[in-house]
Participant: 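Sharing a structure below in structure tokens format, with a few things to ask.
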Protein chains: 2
Amino acid sequence: MVTIKDISKKSGFSTSTVSKALNGSSEIGEETSELIKKVANEMGYFPNAAARLLKTKQSNNIGVLFIDEMQSGLAHEYFSAVLNSVKDEAERLGYDMTFISRNIGRKPMSYYNHCKYRNCDGVVIACVDFNDPEVVELIQSEIPTVTIDHIFNDCTAIMSDNLKGASALVQHIYDMGHRKIAFIHGENTSVTQRRLSGFYSTCRKLGISVPNDYIKPARYHDPKSSGLATRELLNLKDPPSCIMYPDDFSFIGGMNEIEKHGLKIPDDISVAGYDGIYLSQVLRPQLCTFKQNTEALGKEAARNLIAAITDRKTFVPKQIWIEGELLAGKSVKKIDF
Amino acid sequence: MVTIKDISKKSGFSTSTVSKALNGSSEIGEETSELIKKVANEMGYFPNAAARLLKTKQSNNIGVLFIDEMQSGLAHEYFSAVLNSVKDEAERLGYDMTFISRNIGRKPMSYYNHCKYRNCDGVVIACVDFNDPEVVELIQSEIPTVTIDHIFNDCTAIMSDNLKGASALVQHIYDMGHRKIAFIHGENTSVTQRRLSGFYSTCRKLGISVPNDYIKPARYHDPKSSGLATRELLNLKDPPSCIMYPDDFSFIGGMNEIEKHGLKIPDDISVAGYDGIYLSQVLRPQLCTFKQNTEALGKEAARNLIAAITDRKTFVPKQIWIEGELLAGKSVKKIDF
DNA sequence: CCTCCGAACTAAAACGTTTTCGATACCTTA
DNA sequence: TAAGGTATCGAAAACGTTTTAGTTCGGAGG
């Protein structure tokens with residue numbers, strides 16, 4: 001490994017001069033600076049992150065906390081897309097991304113300690129149990145954090161605007177003439193609450209009454225549970241004319257159930273998903289859904305985290321709402337009511 | 001930050017003793033060892049990875065090279081599942097995982113240099129352009145690497161056994177009575193070549209003749225292209241009775257096309273996918289597919305990489321074939337021919 | 001001519017560990 | 001009792017970098 005010392009010897013300048021020259025310090029003469037850079041290049045020099053970090057306390061590395069009890073994890077297209085975007089933007093800004101776990105070197109350690117151990121400059125937290133005391137410890141620590149899709153006190157949070165999303169869906173479905181709209185929702189999380197809230201408020205605004213049995217609990221990313229809920233809805237005395245699903249993927253369960261009942265989408269019943277994943281756009285009929293802007297979510301997460309790191313003193317925590325986009329698709333039929 | 005020096009002061013032992021005690025060296029007395037550990041705990045000590053690394057040259061960190069020109073990236077369930085498994089096993093063995101990119105600190109650098117800079121102990125390479133000279137440079141460097149689904153000279157490679165997979169599918173389809181089997185395959189990669197080879201050899205073994213126009217090129221993870229290929233197949237004078245797709249997801253394109261032709265799966269035509277992703281198991285009829293063992297793939301990748309790191313001198317590169325599992329599903333109908 | 005200043009450079013300390021090589025004291029063994 | 005062995009501990013160097021606090025020297029200003 002070629003070090004700064006080697007360059008120092010070869011070029012005749014001291015290590016301090018070499019270091020400064022390579023870092024573009026202004027107190028080094030132009031010619032010597034050029035010379036040193038040339039020598040460094042010739043020798044194939046690259047700095048050692050560990051040594052640099054030891055002095056500067058800047059690792060140029062962000063951690064990501066990304067645990068899912070659901071086992072879906074990286075396989076969940078929404079989160080993997082967000083994560084991918086975080087990674088891309090972080091890279092663009094000169095940061096690497098490391099996964100943070102609970103054990104390292106075979107010894108268990110808390111998330112916070114892990115971050116300290118790896119000297120993460122900051123960490124983005126997503127898809128995680130926000131009640132876990134270890135997560136709370138991390139968020140409340142001195143390490144800059146941003147959370148995704150969850151607001152924790154006054155920490156910086158990047159939020160997909162689920163209220164507007166649910167709202168837009170209801171509005172569109174209403175515009176297509178539907179008045180009997182059912183909503184199968186996911187587990188009780190803040191995301192779900194916002195969607196429900198958007199659903200209810202828009203219904204109220206539009207003067208639609210929502211029977212209690214039009215609201216069914218299910219689980220995200222779980223076609224089986226949404227299939228069951230669908231069955232219950234279809235068996236109602238007065239079934240809905242349109243069903244909204246927790247997400248595009250779990251709609252598949254509904255799709256099967258609807259088919260089993262001998263019904264056709266959208267002629268006999270209309271449906272809508274959520275997320276706007278790739279799948280939703282290749283299904284036929286194309287699924288009506290609300291596309292979350294995963295790219296913007298990830299990008300903003302990375303940007304704000306790095307801003308918080310860089311302007312540590314002046315940065316003020318904020319909540320950023322990322323809006324999505326209604327993809328009308330063909331799964332909601334225009335009807336006269 | 002509490003350091004070894006602080007513990008040294010508080011406990012009255014030298015830093016060397018503290019270091020040894022904390023690392024469980026046998027040359028430290030039992031009682032002092034206990035005492036030191038207690039003090040360390042009380043003070044909330046955790047080692048600093050950078051400082052440790054600087055001495056030991058062991059980062060306990062592996063890099064992953066994971067670039068996709070296709071934009072699918074982490075969104076591709078197969079790869080994200082493999083990656084997830086790599087991560088889990090690496091964590092279990094005490095390693096962290098960092099993404100390797102081409103630029104760091106806003107300055108471009110080669111993959112190899114990036115790994116050096118971050119002191120990665122090793123790197124797993126997946127879903128990447130293996131013709132990229134920078135990738136070649138990395139593989140041929142002194143840094144231990146394992147590749148996934150690609151054999152590069154005599155480097156360690158973890159391979160999903162695509163030959164057996166394609167073979168098993170053909171065998172099953174044959175057993176169900178089909179003799180007219182079409183294969184829509186993905187881009188020309190080594191994976192595709194193996195599947196084709198498994199397809200052809202099994203057909204030959206079973207005495208099935210395969211017309212040239214039963215073999216259609218398409219792209220992985222791209223329902224549009226496989227939809228087109230499906231249309232061509234259905235319009236043939238003598239269409240196949242069963243179509244094999246590049247992967248489960250791209251089958252969706254075929255599904256739409258088949259429906260558009262007014263055909264029913266599996267009564268009018270049989271189909272099979274590849275991968276065994278979650279989607280394939282929730283579709284109705286359940287898709288006949290070959291499930292790749294993503295968990296084993298990731299686990300073996302992590303294990304072998306770490307073995308190569310640990311037993312640097314004695315480890316001999318090898319190729320490991322991971323077998324999958326046929327999921328018969330319901331999309332291939334039993335017919336009399 | 002003296003003083004002062006700034007530009008260009010350097011010596012040395014520091015970051016937090018690990019590790020090598022002793023040092024000390026105690027215990028065996030002949 | 002003397003020599004040797006062993007168990008336990010410590011001093012100091014080292015890893016590769018950045019940074020602080022100079023040092024030198026030439027020239028400007030009075």
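Sequence lines set the chain letters: A, B, ... in the order given, protein chains first and strands last, and positions in each chain run from 1. What you see is a predicted model, and the numbers here were worked out from it, not measured in a lab.
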Participant: Can you work out whether B/Phe46 or A/Ile28 has the more 5'-proximal nearest nucleotide on DNA chain C?
Facilitator: A/Ile28
Participant: Would you mind reporting whether A/Phe152 and A/Ile125 have side-chain heavy atoms less than 4.5 Å apart?
Facilitator: no
Participant: Starting at atom CG of B/Leu53, determine the distance to atom C1' of C/dT18, rounded to an integer number of angstrom.
Facilitator: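 In whole Å, C/dT18 C1' and B/Leu53 CG are 12 Å from each other.
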Participant: Go through C/dC9, C/dC15, D/dA14 for me and flag the one nearest to the B/Lys55 side chain.
Facilitator: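 Of the candidates, D/dA14 comes closest.
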Participant: Remember a base hit wins even if backbone is also touched, and classify A/Thr56 as base, sugar-phosphate or nothing at under 4.0 Å, heavy atoms.
Facilitator: sugar-phosphate
Participant: Considering every strand and a 4.0 Å limit on heavy-atom distances, what is the contact class for B/Lys20: base, sugar-phosphate, or nothing?
Facilitator: base
Participant: Decide, yes or no, whether a salt bridge links B/Arg312 with B/Glu142 under the criterion of side-chain N to carboxylate O below 4.0 Å.
Facilitator: no
Participant: In this structure, how many angstroms lie between the P atom of D/dA11 and the NZ atom of B/Lys5, rounded?
Facilitator: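 Taking NZ of B/Lys5 and P of D/dA11, I get 13 Å after rounding.
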Participant: With heavy-atom distances below 4.5 Å as the criterion, would you say the side chains of B/Leu65 and B/Leu138 are in contact?
Facilitator: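 They are in side-chain contact.
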Participant: Can you tell me whether the side chain of B/Ser14 and the base of D/dA11 have a donor-acceptor pair closer than 3.5 Å?
Facilitator: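 By the distance-only test, no, there is no pair.
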Participant: Side chain of B/Ala51 only, heavy atoms from C-beta on: which candidate in D/dG10, C/dG16, D/dG16 is closest?
Facilitator: C/dG16
Participant: Determine: side-chain N/O of B/Lys57 to OP1/OP2 of D/dG16, distance under 4.0 Å, yes or no.
Facilitator: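 It does, given that an N or O in the side chain of B/Lys57 lies less than 4.0 Å from OP1 or OP2 of D/dG16.
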Participant: Check the phosphate of D/dC15 against A/Asn48, side-chain N and O only, distance under 4.0 Å to OP1 or OP2. Yes or no?
Facilitator: no
Participant: Test B/Asn61 against every option in B/Asn119, B/Asp96, B/Thr98 by the side chain to side chain donor-acceptor pair (under 3.5 Å) rule and name the one that passes.
Facilitator: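 It is B/Thr98; the other options fail the test.
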Participant: Would you please confirm or rule out a distance under 4.0 Å between OP1 or OP2 of D/dT17 and any side-chain N or O of B/Tyr117?
Facilitator: no
Participant: Whole angstrom is fine here: how far is it from CG in B/Asn119 over to C1' in D/dC15?
Facilitator: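 The answer, rounded to whole Å, is 11 Å.
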Participant: Does OP1 or OP2 of C/dC9 have a side-chain N or O of A/Thr32 closer than 4.0 Å?
Facilitator: yes
Participant: Taking only the side-chain heavy atoms of B/Phe13 (C-beta and beyond), determine which of C/dA12, D/dG16, D/dG10 contains the nearest atom.
Facilitator: D/dG10
Participant: Is there a side-chain contact between A/Thr17 and the phosphate of C/dT10, meaning an N or O under 4.0 Å from OP1 or OP2?
Facilitator: yes
Participant: Has B/Glu295 got more than 12 heavy atoms of other residues, nucleotides or ligands less than 6.0 Å from its CD?
Facilitator: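 It does not: B/Glu295 CD has 12 such atoms or fewer within range.
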Participant: When we call it a touch if two heavy atoms are under 4.0 Å apart, what does A/Ser16 touch: a base, just sugar-phosphate, or nothing?
Facilitator: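 If one applies the 4.0 Å heavy-atom cut-off, A/Ser16 turns out to touch a base.
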